[in-house]
Participant: 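Okay, handing you the structure first.
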Amino acid sequence: MGFKNLKTLYLGANNISTIKHGIFMGLKNLKSLDLQSNNIATIKEGTFTKLSNLTTLYLQNNKISRIEKVMFQDLHSLQYLYLGANNISTIKHGIFMGLKNLKTLYLGANNISTIKHGVFMGLKNLKSLDLNGNNISTMKQGIFNGLSNLTTLDLGHNNIATIKEGTFTKLSNLTTLYLQENKISSIEEEMFQDLHSLQYLNLDGNKISTMKQGIFNGLSKLTTM
């Protein structure tokens, strides 16, 4: 493509099904790429090669079921990545490596049931992570390690029954946590102990029957629950 000065490309709401290798070559100044609401099922390795200035990528509302490990490795300037409303079931370790400037990651309304340990490592500037409306049932210890600047985490409308102690460790800047409409029946005594900045906590629509003394210790900034 010869549009070397192009900064925004809208291709949303079409019938695109396949994105071929190198199709965006030459768009070195592109800042925003909108591919939402198509029929994209597969994105080939190298599709986003050399889009080093891209800050926003819209891929939501497609048919993507798998994310290749190196799909985003050249997008060093990316700040906003929207992958919601696809058919993604598993997030593998390393797929977000290199996205050191990412601020918002939207993965809501997929079929994600498993999140591998360390998958979010390297996303040190991430502020908002949306996993709402998936099939997540268990939150493992240390799954959010590395997200030291995260302020908003949305885990609402999943199948979470158990949250392991240490799940939210080191999320010291988290201000908003959505856990509504899950299957949580009990809350571990020290589940929230590291969330010193938390202001909003939503636990609506779960199966909680008893609240143990001290489970909210340390939440001195909490204003809404």
Side-chain angles (χ1 to χ4, degrees), residues 80-81 83-84 88 90-97 99-225:
Y80 306 97
L81 176 57
L83 285 161
I88 301 165
T90 303
I91 306 176
K92 296 179 181 178
H93 182 270
I95 60 174
F96 301 122
M97 291 295 284
L99 300 183
K100 61 182 181 180
N101 290 306
L102 198 67
K103 294 180 180 179
T104 297
L105 177 56
Y106 180 62
L107 289 160
N110 276 286
N111 295 311
I112 298 167
S113 58
T114 303
I115 302 174
K116 300 291 178 69
H117 186 273
V119 74
F120 301 119
M121 291 296 287
L123 301 181
K124 62 180 182 179
N125 288 309
L126 196 69
K127 298 280 189 183
S128 178
L129 175 58
D130 192 325
L131 290 160
N132 188 298
N134 280 283
N135 292 314
I136 301 166
S137 58
T138 302
M139 304 304 299
K140 296 181 179 179
Q141 184 177 10
I143 201 171
F144 300 116
N145 282 1
L147 301 182
S148 57
N149 286 306
L150 197 69
T151 58
T152 301
L153 176 58
D154 192 343
L155 293 164
H157 296 89
N158 277 281
N159 293 311
I160 300 168
T162 304
I163 300 176
K164 301 290 185 182
E165 182 181 333
T167 296
F168 304 123
T169 299
K170 299 181 181 179
L171 295 182
S172 57
N173 286 305
L174 197 71
T175 60
T176 306
L177 177 58
Y178 298 97
L179 287 166
Q180 76 276 15
E181 300 297 333
N182 278 285
K183 297 179 180 178
I184 300 167
S185 58
S186 63
I187 302 174
E188 297 293 328
E189 192 170 333
E190 299 179 342
M191 187 187 298
F192 305 119
Q193 68 175 357
D194 295 311
L195 303 182
H196 306 302
S197 299
L198 199 67
Q199 298 175 30
Y200 179 94
L201 175 60
N202 192 337
L203 288 163
D204 284 356
N206 279 283
K207 297 182 177 181
I208 300 167
S209 56
T210 58
M211 307 281 273
K212 296 179 182 178
Q213 186 175 355
I215 59 174
F216 300 119
N217 284 353
L219 302 184
S220 59
K221 294 185 178 180
L222 197 67
T223 59
T224 304
M225 184 172 72

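The figures here come from the full heavy-atom set of this structure, side chains too, leaving out hydrogens, waters and symmetry mates.
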Participant: Can you run down the side-chain hydrogen bond (donor to acceptor under 3.5 Å, both in side chains) pairs that involve residues 170-193, sequence neighbours left out, and say none if there aren't any?
Facilitator: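 Not a single pair qualifies under side-chain hydrogen bond (donor to acceptor under 3.5 Å, both in side chains).
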Participant: Please report the shortest heavy-atom distance between Ile136 and Asn158, naming the atom on each side.
Facilitator: N-OD1, 3.1 Å
Participant: Identify the two heavy atoms, one from Leu203 and one from Ile187, that lie closest to each other, and give their separation to 0.1 Å.
Facilitator: CD1-CD1, 4.0 Å
Participant: Looking only at heavy atoms, what is the nearest atom pair of Ile143 and His117, with distance?
Facilitator: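 Where Ile143 meets His117 most closely, the heavy atoms are N-CD2, 4.4 Å.
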Participant: Heavy atoms only: give me the nearest Asp194-Phe168 pair and the separation to one decimal.
Facilitator: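 Smallest heavy-atom distance, with atoms named: CB-O, 4.1 Å.
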Participant: When rounded to the nearest 0.5 angstrom, what is the spacing between CD1 in Ile112 and CG in Leu83?
Facilitator: 8.5 Å
Participant: Lys164 and Thr162: side chain to side chain contact (heavy atoms under 4.5 Å, CB included), yes or no, with the steps?
Facilitator: CA-CA 6 Å; Lys164 301 290 185 182; Thr162 304; 4.2 Å; yes
Participant: How long is the straight-line distance from CG of Leu107 back to CG of Asp130, given to the nearest 0.5 Å?
Facilitator: 8.0 Å
Participant: Kindly compute the distance separating CG (Leu131) from CD1 (Ile160), expressed to the nearest 0.5 Å.
Facilitator: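 Going from CG on Leu131 over to CD1 on Ile160, the span is 8.5 Å.
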Participant: Which heavy atom of Leu147 sits nearest to which heavy atom of Leu129, and what is that distance?
Facilitator: CD1-CD2, 4.1 Å
Participant: Pair Ile163, Leu179 - check side chain to side chain contact (heavy atoms under 4.5 Å, CB included), show working.
Facilitator: CA-CA 10 Å; Ile163 300 176; Leu179 287 166; 4.0 Å; yes
Participant: Are the side chain of Asn159 and the backbone N or O of Ser113 linked by a donor-acceptor pair below 3.5 Å?
Facilitator: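 Checked: no pair found.
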Participant: Nearest 0.5 angstrom please: Met97 CE to Leu123 CG, how far?
Facilitator: 9.0 Å
Participant: For Asn134, does its backbone N or O pair with a side-chain atom of Asn110 as donor and acceptor, under 3.5 Å?
Facilitator: no
Participant: Could you list all the side-chain hydrogen bond (donor to acceptor under 3.5 Å, both in side chains) pairs where at least one residue sits in residues 195-216, not counting sequence neighbours?
Facilitator: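 Pairs touching residues 195-216 that pass the test: Tyr200-Asn202.
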Participant: State, to 0.1 Å, how close Leu81 and Phe96 come at their nearest heavy-atom pair, and which atoms those are.
Facilitator: CD2-CE2, 4.1 Å
Participant: For the CG atom of Leu198 and the CZ atom of Phe216, what is their distance to the nearest 0.5 Å?
Facilitator: 10.0 Å
Participant: Just by distance, do the side chain of Thr151 and the backbone of Lys127 share a donor-acceptor pair under 3.5 Å?
Facilitator: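 Yes.
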Participant: Return the CG to CG distance between Leu150 and Asn125, rounded to the nearest 0.5 Å.
Facilitator: 11.5 Å
Participant: Under a 4.5 Å cut-off applied to non-hydrogen side-chain atoms, are Phe192 and Leu222 in contact?
Facilitator: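 No. Closest side-chain heavy atoms not under 4.5 Å.
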